[in-house]
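These notes are about the structure you will find just below.
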Amino acid sequence: MPELPEVETIARVLDRSVVRGARIATVQVYRRNVLRECTPRSLDARARGATLDRFWRRAKYVVGELSTGDRLVVSPRFTGSLDIERGGWRHGRGDYTAIVFALADGNAMRYRDVRRLGTVSLMAPARFAEWEADLGPEPLDPAFTAAAFARNVRASTRAIKTVLMDQRRVAGIGNIYANEALWRAKIRPSRRASTLTLAESARLFDEARAVLTAAVEQGGTSFRDYRDPNGERGGFLGLAKVYGRAGEPCVACGTTLRSSHALENRITVWCTACQK
Ligand SMILES: [Zn+2]
């Protein structure tokens with residue numbers, strides 16, 4: 001499931017692509033159950049004639065701003081992708097196309113989703129501000145400090161890994177990067193967040209930032225489905241130290257990495273020797 005680095009990559013690729021600045025000619029919705037806060041008819045009516053002014057990321061969402069001020073907010077979840085279709089797109093049966101934004105220049109931006117668990121919302125500026133207010137701070141925002149991170153996470157008695165993945169405490173971190181950040185910070189994922197010392201919390205903050213930054217530079221992690229809008233895979237998986245490596249030796253100490261699904265039913269991989 002795409003996390004901060006993958007969604008950041010999607011937004012950056014779109015923002016630097018032919019799609020940015022293009023005018024929307026029509027919107028065709030083929031799978032209406034991915035839509036939120038709009039209908040096929042209202043999406044087409046509000047987007048038609050507008051230009052796609054810019055793209056950015058907030059938490060695990062791609063935001064596309066239209067010249068009307070409306071924002072498209074896309075959550076790719078497990079299998080959603082935003083694809084740039086040079087020369088346009090012709091719908092075929094069974095190709096998992098959910099929405100096609102046909103552009104006046106002949107190209108298209110397509111939202112495709114095999115399992116249809118992702119969502120595409122259309123929000124006016126006031127609604128967008130309200131939606132954004134519910135999200136936690138961005139880990140790579142220079143204004144987000146180690147002290148603020150410590151306040152947010154140490155207030156909880158839940159497992160630190162669960163707290164790291166809580167989008168209201170810190171945005172954008174999911175299972176892959178929570179596992180990696182905790183290994184790098186040498187903290188056991190099941191520790192109650194409230195038991196972290198200030199020094200451990202500061203170390204975790206630094207390591208979370210470092211691993212997210214490294215992953216953004218690699219274009220994210222392609223574990224199964226994730227592809228960027230040009231169809232490229234991310235390169236971070238080969239650099240992961242624990243994720244996808246259960247049963248292998250810890251690269252720091254050689255101890256066999258353990259795994260469990262005890263936390264939130266997601267796979268946790270950790271080193272019993274390095275992580276306290
Ligand atoms: Zn180890």
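In listed order, ligands and their atoms are each counted from 1. Because the structure is a prediction, the values reported are computed rather than measured.
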Quiz item: Linking I/L/V/M/F/W/Y whenever any side-chain heavy atoms sit under 4.5 Å apart, do Y96 and V120 land together?
Solution: no
Quiz item: For M123, which fellow cluster members are found when Ile, Leu, Val, Met, Phe, Trp and Tyr are connected by side-chain heavy-atom distances below 4.5 angstrom, either directly or through intermediates?
Solution: W56, Y61, V63, V73, F128, W131, L135
Quiz prompt | With D44, the salt bridge (Lys or Arg N to Asp or Glu O under 4.0 Å) member among R48, R46, R41 | solution = R48
Self-check item: Residue-atom pairs from the protein, N, O or S only, that lie under 2.8 Å from the Zn ion (ligand 1)
Solution: C250 SG, C253 SG, C271 SG, C274 SG
Quiz prompt | With E65 via salt bridge (Lys or Arg N to Asp or Glu O under 4.0 Å) - residues at least two apart | solution = R54, R71
Quiz item: Which ILVMFWY residues can you reach from M1 by hopping between side chains whose heavy atoms are under 4.5 Å apart?
Solution: F78, L117
Practice problem: Determine, using the 4.5 Å side-chain heavy-atom cutoff (strictly less than), whether V163 and V269 are members of one ILVMFWY cluster. | Solution: yes
